[in-house]
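Just below is one structure, and these are the notes that go with it.
Since this is a predicted model, take the numbers as computed values, not measurements. Chain letters run A, B, ... following the sequence lines, proteins first, then strands; residues in each count from 1.
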Number of protein chains: 4
Amino acid sequence: MKDGELITSHSVQQHETLRKRDPERTRAEILAVSTEVFAAQGYSGARVDEIADRTRTTKRMIYYYFGSKEQLYLAVLKKAYSGIREAERAIQVCSLEPTEAIRQLAELTYDHHVRNSDFIRLVMIENIHRGVFIRQIESMREIVEPAVGMLDEILTRGQNEGVFRHDVDAFDVHLLISAYCVFQVANQYTFGYLFGRDLHAAPLSGHLRSMLGDVVVSWLLAPEGTARPVT
Amino acid sequence: MKDGELITSHSVQQHETLRKRDPERTRAEILAVSTEVFAAQGYSGARVDEIADRTRTTKRMIYYYFGSKEQLYLAVLKKAYSGIREAERAIQVCSLEPTEAIRQLAELTYDHHVRNSDFIRLVMIENIHRGVFIRQIESMREIVEPAVGMLDEILTRGQNEGVFRHDVDAFDVHLLISAYCVFQVANQYTFGYLFGRDLHAAPLSGHLRSMLGDVVVSWLLAPEGTARPVT
Amino acid sequence: MKDGELITSHSVQQHETLRKRDPERTRAEILAVSTEVFAAQGYSGARVDEIADRTRTTKRMIYYYFGSKEQLYLAVLKKAYSGIREAERAIQVCSLEPTEAIRQLAELTYDHHVRNSDFIRLVMIENIHRGVFIRQIESMREIVEPAVGMLDEILTRGQNEGVFRHDVDAFDVHLLISAYCVFQVANQYTFGYLFGRDLHAAPLSGHLRSMLGDVVVSWLLAPEGTARPVT
Amino acid sequence: MKDGELITSHSVQQHETLRKRDPERTRAEILAVSTEVFAAQGYSGARVDEIADRTRTTKRMIYYYFGSKEQLYLAVLKKAYSGIREAERAIQVCSLEPTEAIRQLAELTYDHHVRNSDFIRLVMIENIHRGVFIRQIESMREIVEPAVGMLDEILTRGQNEGVFRHDVDAFDVHLLISAYCVFQVANQYTFGYLFGRDLHAAPLSGHLRSMLGDVVVSWLLAPEGTARPVT
DNA sequence: GATGAATGAGGTTTCATTCAT
DNA sequence: CATGAATGAAACCTCATTCAT
C-alpha cells in the first residue's frame, strides 16, 4: 500500500507549520527529496508517493511543479550535475607544481566522490537507462566543460616542463581518475561484499585514496613506451 | 563462447519447434531472457510479462520454475557471476614474465568487460540496490575467489624478481583494473555523451585499452614513494 | 436499526445519484458491502472484486481506503463487534426481579443473535482463523467489556437475595447463553439439515427461544450440588 | 509460490520408501491429510498443493483418486461424520439411573468434542458454506440417527419415572448439549481472547465440564413452568 | 495556488486443474 | 497406476496520473 494514500479517515497530519505559500521553497524541497529517493531507488524504483510523503507537500504539488515523474527526474539530474561541477570549480591546485597538483587533484576528486555518493548513484542510474534522460537536458554539455579545463592546464604545464609523458591528454587523465573514484563508490556494495572489506573504513580508505595519487602520478611520470616491451 | 558464459542477445529466438517437455531447456531459456531484461531495465524496471513474451513459455512457467521475480533475479545474478568467473579462469598469462603478464591480464580483462556488458550492468543494478540480493546468494564469495589468485601469483613473482614495488597487493591491482574496466562500460553513456566521444569506437577504444596496460605497469614498476614528494 | 449496528443486506443499492466526493459515505459503503461478503464467503473465499462490484466505487478505492484485503477484514471485524456491543448496551432489564431479568436477558440475546447472523458468521470465520485477526485489533477487549457487566449485576442481586446458586459467576452464565444463541445461528445449516428441521421457523423457533430461558433459570435456581449425586 | 511446484531443478525427494503400489493406503493418507488441511484452513483457504506436499504422493494423485477439490472435501466431510457417530455409539450409559446417565452423557460428549476439534471445525466450515456440501452426501442423515437414540431412551425412562419434566424431548436436550460442547471448541479463540481465559486449561476446563452436567440435569429436574412466572 | 479524492492500466502472484508420457 | 511439466483464469495489489473544488 502506498503510504501517501488515505487509509483511515483520520490520517496523520505532521508538520503543519511553515507550510503554505512559499513556492520556491516548496519546489526546492521536492527537488531535494526527489534526489534522495531517485538516488536510493533508481528511476523505476522511486515512488512518487514516497517523495510526496517525505515532503511537506502533497503528491499533487509534485505534478503541479514538475508535470511528471520523468520531468522531475530530469530536474534532479540537471541540478545534481550543476552542483557537482560547481564544487569542482572550487578545487584550486594551479599554484602547485604539476606532479603535486595532479596528485592533489586526484585525491580531492576522490574525497569529492566519497562525499557525493548520491550524485554517483544518479549517474549510474542514468547509465542503466543508457543516457536517454541526460540527452534531453540542454546545456548539459556546457555544465560539464570546466571539468577538464584545469586538468588540461596542469597537464600541459607538466608536459612543457618535460616531466609528464606526451602521449596522454586531459580526457585520458580525467577518465582514469573518474573511473577509480566512481568505482569505489558505485561498486562498494558488491566489491566490498565479495572481498569482505569495507572500502570506506580506515585504514583501507586512506590507502585507496593515496593509491590513486600514486597510480596517476607514476603513469604520467613514466617515459612513453617504456612499459610496453618491444614486440 | 563457452557454455558457462552469459547467453547474449537474441540467442534464443531460434527454432520454434521442439518446444514442450524439456525442463532444462525451458529453465535455461527463461534465465537467458531474464538476464537480458534485468540487465536492460534494472530490477524494478524489468517486467515479468516482458520476460515471458520474449520466451517460448508463459509467465506462469516463470513462477513455476523460479517462484518470484526476486528469486528469478537472484538466479540471474548467480549465473552471471559464475559465468564471468569461469571465463576469468580461462585467462592464461602465467608463462609470461611479470610485466607483460600483468599487461596482458589487464587488457584481456578489458576485452572481457567490453564483451560482457550485461554482466557489468547487473553489477551496477545490484549496487543500486546496495547489494541486498547478492548477500542472499550463498557460495557467492567462493565463486569470486579465483579472481585474484592468478594476479597474486604474478605480482609475487614480480616482487620477488625486484621488478614490482612492494607496497601493493593483488587486491589493489584488481581494484584498479576493475575500476577502469567497469567504468568504460558502466559509464559509457554519460561519459561518452558529455565528452562527445564513443568509448567503444576506434581509435579511442584501442587507445583506452592499451592505456590501461600503461597505467598498471608504470604504477607497479615505479619505485615506492618516488612519486610522493617529501612533505 | 441503530447507526452502530451492522448494515444489513441490500442496504446500499439505493440512489445511484449523489455519487462522488463523499469519502465518509464511500468508506462506509465499502465497509457495509465487505461485511456482507466476508460473512457470506469467509476471508479466503471473499473476493475483492466482488466487493467492488457490489459497491458504487471501484476495487482501486478499496485499496485506497483500506490498504489491503486483510486490513479491510480487520475493519469489518472491528465494526461488527462495536455494533454488537452497542446493541447489547441497549438491553435494559435492571428494573426486573433477578429471575425474570435473567430470562429476559437470555431471550433478548437470543433474538439479537437471530437478527445479526452476519456477525455470528464473522465470529465463526475468525475462529476458523484461530483468532489471528482479532488479536491485531487494539481496543477489542474494551469493546467487549460491557457484555458481562449487566449480567454480573443481576446475578449478584439474585445471589444476595438467596434466590440464585452461588457457585456460578457472570462469565459462566454469559458462556451458556452465548453457546446456545451462537449455536442456533452458527450451526443452523448442518443441525437443521441432519434433523430435518428449520431452527428458525415457527413453532420450533419459539420453543427454542423460551427453552433457553428455562435452561438458564432452572440452573440458577437449583440448589448447589443437588443435581450432583453423592459419589 | 506454491510449495508443490518445481523451483530448482534439484528439488527435494523425501521419504521415497514405502511409496508405490498401495492404492488403499495412498487414498487413506490423502484423506487424513486433507482432513487436517481443510479443518485448519477452511474450504477456500485449503490448498491442493499443501495437501499434496504433506502427503507422500503428488497433486496429480489427488485428482486421480478424488477428481476435484470439492469431491475431496466431500469425502473428508463424510468420513468425519462417520467417525464421529461411530465414536458416539461407543458411549454406554444405559445401565445408570436417568439423572446420572444424562449427566454422564453430557460430560462424555463434552470430552468427545474437546478431543475432536477437527471435526467441529469441519462442521463450522460447512455451516459457513450454508450446508451446500453436506446436502450432496447421500446417507448423511442415516449416519446421524443413532445420535439421539440413546438420549431418547434415557429421557423417556426419566419421564416415566416422574423425575424429568415432560415438555422436553431428545432433540431439545441434544441441541442444548451440542450447543454447549460445540461452542467451547468452536469459539475458543474469540471467546478465550476477549475474556482473557483459556477454556481448555485447568481449572476452568474442569469447571466448564461439570457445569454442563449441572445445567442439563437441573433443567430436566425442574418442574415444568416453575421458572416461568405467571404473566 | 493548493488539495483530498479518485482512477485506468497494468503489475506480480496464485489458483485448481490438465497434458503427455 | 503413476508422474513431472504445464497452464488459463483470476486473484491481490500498485503505479503514475487526473479530477473537482
Next on the checklist: Without decimals, in angstroms, what is the distance between D:Phe66 CZ and E:dT18 C1'?
Outcome noted: 19 Å

Checklist entry - F:dC15 C1' sits how many Å from B:Arg47 CZ, rounded? => result 9 Å

Checklist entry - For B:Thr58 and C:Ser44, take the nucleotide of DNA chain F holding the closest heavy atom to each; which residue's nucleotide lies nearer the 5' end? => result B:Thr58

Item to check | Gap between atoms CZ and P, on B:Arg56 and F:dA5 respectively (whole Å) | outcome: 17 Å

Checklist entry - Once the angle between the rings of D:Tyr43 and D:Phe133 is folded into 0 to 90°, is it parallel (under 30°), tilted (30 to 60°) or perpendicular (over 60°)? => result tilted

Next on the checklist: As a quick check of understanding, evaluate side-chain contact (heavy atoms from CB on, under 4.5 Å) for A:Arg56 and A:Arg25, giving each step before the final call.
Outcome noted: CA-CA 10 Å; A:Arg56 288 201 304 288; A:Arg25 203 188 136 93; 2.4 Å; yes

Checklist entry - DNA chain E: D:Gly45 or C:Lys59, which has the more 5' nearest nucleotide? => result C:Lys59

Checklist entry - Do the two ring centres, one from C:Tyr73 and one from C:Phe66, sit under 6.0 Å apart? => result no

Next on the checklist: Once you apply a heavy-atom cut-off of 4.0 Å, does B:Asp49 come out as touching a base, just sugar-phosphate, or nothing?
Outcome noted: base

Checklist entry - Between B:Met61 and C:Ala46, which has a closest nucleotide on DNA chain F that is more 5'? => result B:Met61

Next on the checklist: Heavy atoms from C-beta onward define the side chain here; which of E:dA16, F:dA11, E:dA6 lies closest to that of C:Thr26?
Outcome noted: E:dA6

Checklist entry - Does C:Tyr63 place a side-chain N or O at less than 4.0 Å from the phosphate oxygens OP1/OP2 of F:dC13? => result yes

Next on the checklist: I need the single residue from B:Arg121, B:Gln41, B:Arg54 that forms a side-chain hydrogen bond (donor to acceptor under 3.5 Å, both in side chains) with B:Glu36. Which is it?
Outcome noted: B:Arg54

Item to check | Of the listed nucleotides E:dC15, E:dT17, E:dA2, the one nearest the side chain of A:Tyr65 | outcome: E:dA2

Item to check | Side-chain donor/acceptor of A:Lys69 to base of F:dT17, under 3.5 Å | outcome: no

Checklist entry - Is B:Arg60 side chain donor-acceptor paired with the F:dG8 base, going by distance under 3.5 Å alone? => result yes

Checklist entry - In whole Å, what is the span from the CG atom of C:Asp22 to the C1' atom of F:dA20? => result 14 Å

